[in-house]
Structures are given as structure tokens and as C-alpha cells.
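To start, the structure itself, in C-alpha cells.
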Amino acid sequence: GLQCLGTLSHLKNKFGGAYEVQVKVAPEGEEAFQDFFKTTFPSSDLVEQTNHRLTYQLPAGQRLSEMFSIIQSSRDKLGIVDYSISETSLEQVFIAICKKYVSES
């Protein structure tokens, strides 16, 4: 069976990122935004892409205020419609662990 042992921060670091960034971009700006985000946050992982809404995981070590500042200052030129930055939840970590477990079996 599936077992996970460790603190929330340990599980987050092992199976997910410390932060989740969700960004809704204008259709014509999606590719430019992806290039910008990967260049600006090279340790990020694009974990979901649906309907011009992109979800990234970022590891610990990023300053929250810096992320907000960078994204906010790029809103107009990259066609960012809406965005949010949050800490990865225990539920998101659990889902990531389950996806990994299912793909390995």
C-alpha cells in the first residue's frame, strides 16, 4: 500500500513545491508568458495547463514579495489577466503523491 511519512514541509519539498502560482493569460500571450516564467524562475515546474490558465510549482527559496513584484510588473506586457500565489496545501501534496504512485504501478 501507499505510505507517506514525514512532516508537512518534508512532504512538500519531496513531492511538491513550496509555492503554487496560477496565472490566467490572454490566448495570444500564453507562449511568451511561459518563456518568461521559465527564464525568470528556472526551478519552476509547469504542472497544469488548461484554458490559458497555467499552474506552476516553485520550490522553497523564492521570496513571496519578489514573485508578486515580478509578476505584477509584467502584467500588461505579457497579457496576464489574473494570478495568484499560494503555499502548497497538504491536499495538493497528497494528490501529487497519489499521481506518482499510480504512474509507478
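Basis for what follows: all heavy atoms, side chains included, without hydrogens, waters or symmetry-related copies.
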ILVMFWY cluster, Phe33 and Val81 together (side-chain gap under 4.5 Å):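 Phe33 does not cluster with Val81.
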Enter the distance from [X]:[atom1] to [Y]:[atom2] here, rounded to the nearest 0.5 Å.
| X | Y | atom1 | atom2 | value |
| --- | --- | --- | --- | --- |
| Ile85 | Tyr19 | CD1 | OH | 9.5 Å |
| Ser73 | Arg75 | OG | CZ | 11.0 Å |
| Ser43 | Gln62 | OG | CD | 5.0 Å |
| Ile70 | Arg63 | CD1 | CZ | 10.0 Å |
| Gln34 | Leu54 | CD | CG | 5.0 Å |
| Glu66 | Ile71 | CD | CD1 | 11.0 Å |

Enclosure of Lys38 NZ (heavy-atom neighbours >12, cutoff 6.0 Å):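 For Lys38, atom NZ is crowded (more than 12 foreign heavy atoms under 6.0 Å).
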Crowding at CG, Asp82 (>12 non-hydrogen neighbours, <6.0 Å):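 Enclosed.
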Test side chain to side chain contact (heavy atoms under 4.5 Å, CB included) applied to Thr55 and Val21, step by step: CA-CA 6 Å; Thr55 303; Val21 179; over 6 Å; no
With sequence neighbours excluded, residues passing ring-ring contact (aromatic ring centres under 6.0 Å, His included) with Phe41: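 Residues passing ring-ring contact (aromatic ring centres under 6.0 Å, His included) with Phe41: Phe37.
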Distance-only donor-acceptor check, side chains Glu48 and Gln22, under 3.5 Å: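 Per modelled atom types, Glu48 and Gln22 side chains form no pair under 3.5 Å.
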Criterion side chain to side chain donor-acceptor pair (under 3.5 Å) against Glu30, the qualifying member of His52, Lys24, Arg53: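 Among the candidates, only His52 passes.
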Tyr83 vs Ile80, side chain to side chain contact (heavy atoms under 4.5 Å, CB included): CA-CA, chis, key distance, verdict: CA-CA 7 Å; Tyr83 70 95; Ile80 298 170; 4.1 Å; yes
